[in-house]
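Mind looking over this structure? Questions follow.
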Amino acid sequence: MIAAADLLNIALMVTFVTLALGQILSMVRLVIGPTPADRILALDTMVINALGLVVLLGIYQGVQIYFEVALLIAMLGFVSTVALARFILRGDIIE
Amino acid sequence: MSFEIIGTYAVALLLLIGAGFVIVGVIGLLKFNDPMTRLHAPTKVGTVGIGALLLASMLYSFVQGEGSLHEMLIMAFLFVTAPISAHFIAKVSIHMRTCETPPAPPQDTTWSTLDVAEEDREIAPQEQG
């Protein structure tokens with residue numbers, strides 16, 4: 001049976017690689033995405049994956065300070081997604 | 001088996017579950033072939049994946065002995081806002097007519113995002129659909 005700390009390290013590395021791969025794949029959709037909705041969705045996914053990477057960094061270093069970073073990324077990501085969608089829907093963000 | 005060891009195993013398991021969900025969502029975003037189908041993969045599956053990662057972070061802080069439930073705030077915010085942004089992206093898809101137009105609503109004449117205001121009908125005639 002593997003020691004718990006080793007297993008945690010392996011799981012952290014696997015998750016880091018998986019999320020980075022996810023960022024690259026959604027960047028592919030961002031570039032080829034035929035419609036504006038696809039591009040907004042790809043950007044939204046990338047923001048949420050970046051939030052996951054920041055949380056992972058917090059676990060890896062064993063510190064709590066990345067909590068504020070993750071919260072700010074979550075809020076700004078939502079606001080920017082809504083702003084992009086509204087710009088396409090109405091041609092203006094704040095009417 | 002102390003709490004630290006079981007907790008560390010649980011953190012590793014949650015991390016792997018989260019990574020699996022996230023990668024499935026992103027593969028769905030890349031592989032599906034219709035804008036509305038692509039919409040549902042990352043907004044639902046990806047959110048669950050990030051929820052598992054946040055749960056792992058919370059559990060790890062308890063394993064380290066300085067427990068905090070801060071990440072619950074991010075989780076609540078994310079779970080509330082993900083459907084809202086998905087709704088907006090779906091409206092963009094309907095508005096740009098990049099998806100099959102949904103069936104007409106039961107009471108109004110057309111969907112509100114396709115509706116043209118009364119005074120603008122001359123410059124942008126409304127399509128019936």
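Protein chains get the first letters and strands the later ones, always in sequence-line order, with residue 1 at the start of each.
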For chain B, which residues from residues 56-63 of chain A lie under 4.5 Å away (heavy-atom distances)?
A/L56, A/I59, A/G62
Do A/L25 and B/L29 touch side chain to side chain, with heavy atoms closer than 4.5 Å?
no
Are A/V55 and A/V17 linked, directly or through intermediate hydrophobic residues, by side-chain heavy-atom contacts shorter than 4.5 Å (ILVMFWY only)?
no
Could you pull out the closest heavy-atom pair between A/T35 and B/P35, with the gap in Å?
CG2-CG, 4.3 Å
Other residues, nucleotides and ligands only: do more than 12 of their heavy atoms fall within 6.0 Å of NE2 on B/H70?
no
Considering residues at least two apart in sequence or located in another chain, which fulfil the salt bridge (charged side-chain N to carboxylate O under 4.0 Å, His left out) criterion with A/R39?
none
Determine the option with the most heavy-atom pairs under 4.5 angstrom with chain A, choosing from B/L13, B/I50, B/L30.
B/L30
Please determine whether residues B/L16 and B/L14 belong to a single hydrophobic cluster, defined as Ile, Leu, Val, Met, Phe, Trp and Tyr linked transitively by side-chain heavy-atom distances below 4.5 Å.
no
List, one per line, each side-chain donor-acceptor pair under 3.5 Å for residues 6-15 of chain A, sequence neighbours excluded.
residue : atom : partner : partner atom : Å
A/T15   : OG1  : A/A11   : O            : 2.5

How long is the gap from CD on B/E71 to CD on A/Q64, to the nearest 0.5 Å?
6.0 Å
Could you pull out the closest heavy-atom pair between A/A70 and B/I74, with the gap in Å?
CB-CD1, 3.5 Å
Is it the backbone or the side chain of B/F21 that comes under 4.5 Å from a heavy atom of chain A, or both, or neither?
neither
Turns out that what part of B/L78 lies under 4.5 Å from chain A's heavy atoms comes down to side chain
With the 4.5 Å side-chain cut-off for hydrophobic clustering, are A/L21 and A/V28 part of the same group?
yes
Is the CZ atom of A/F87 crowded by more than 12 outside heavy atoms at less than 6.0 Å?
no
I'd like to know which of B/T81, B/L53, B/I6, B/I94 tops the heavy-atom pair count under 4.5 Å against chain A.
B/T81
Is B/I5 in contact with chain A via its backbone, its side chain, both, or neither, using a 4.5 Å heavy-atom distance?
both
A/Q23 portion near chain B, given a 4.5 angstrom heavy-atom threshold
neither
Considering non-hydrogen atoms only, spot the tightest contact between A/A5 and B/T8 and give its length.
N-CG2, 4.4 Å
Tell me the closest heavy-atom pair linking A/A4 and B/Y9, and the distance in Å.
N-OH, 4.0 Å
Give a yes or no on whether A/I65 and B/L54 share a hydrophobic cluster (residues Ile, Leu, Val, Met, Phe, Trp, Tyr; joining criterion: side-chain heavy atoms under 4.5 Å apart).
yes
Using non-hydrogen atoms only, which part of B/Y60 is less than 4.5 Å away from chain A: side chain, backbone, both, or neither?
side chain
Which atom pairs, donor and acceptor, lie under 3.5 Å between side-chain atoms of residues 43-54 of chain A and protein residues at least two apart or in another chain?
residue : atom : partner : partner atom : Å
A/D44   : OD1  : A/T81   : OG1          : 2.9
A/T45   : OG1  : A/L41   : O            : 2.7

In short, B/K31 meets A/R29 closest at the heavy-atom pair N-NH2, 4.5 Å
Chain B heavy atoms under 4.5 Å from A/F67: which part of the residue, side chain, backbone, both or neither?
both
Are A/L76 and A/Y66 joined in one hydrophobic group, where the rule is that I, L, V, M, F, W and Y side chains link up if heavy atoms are under 4.5 Å apart?
no
Are A/D38 and B/R38 close enough that some pair of their side-chain heavy atoms sits under 4.5 Å apart?
yes
Interatomic spacing from OG in B/S85 to CG in A/L84 - rounded to 0.5 Å:
11.5 Å
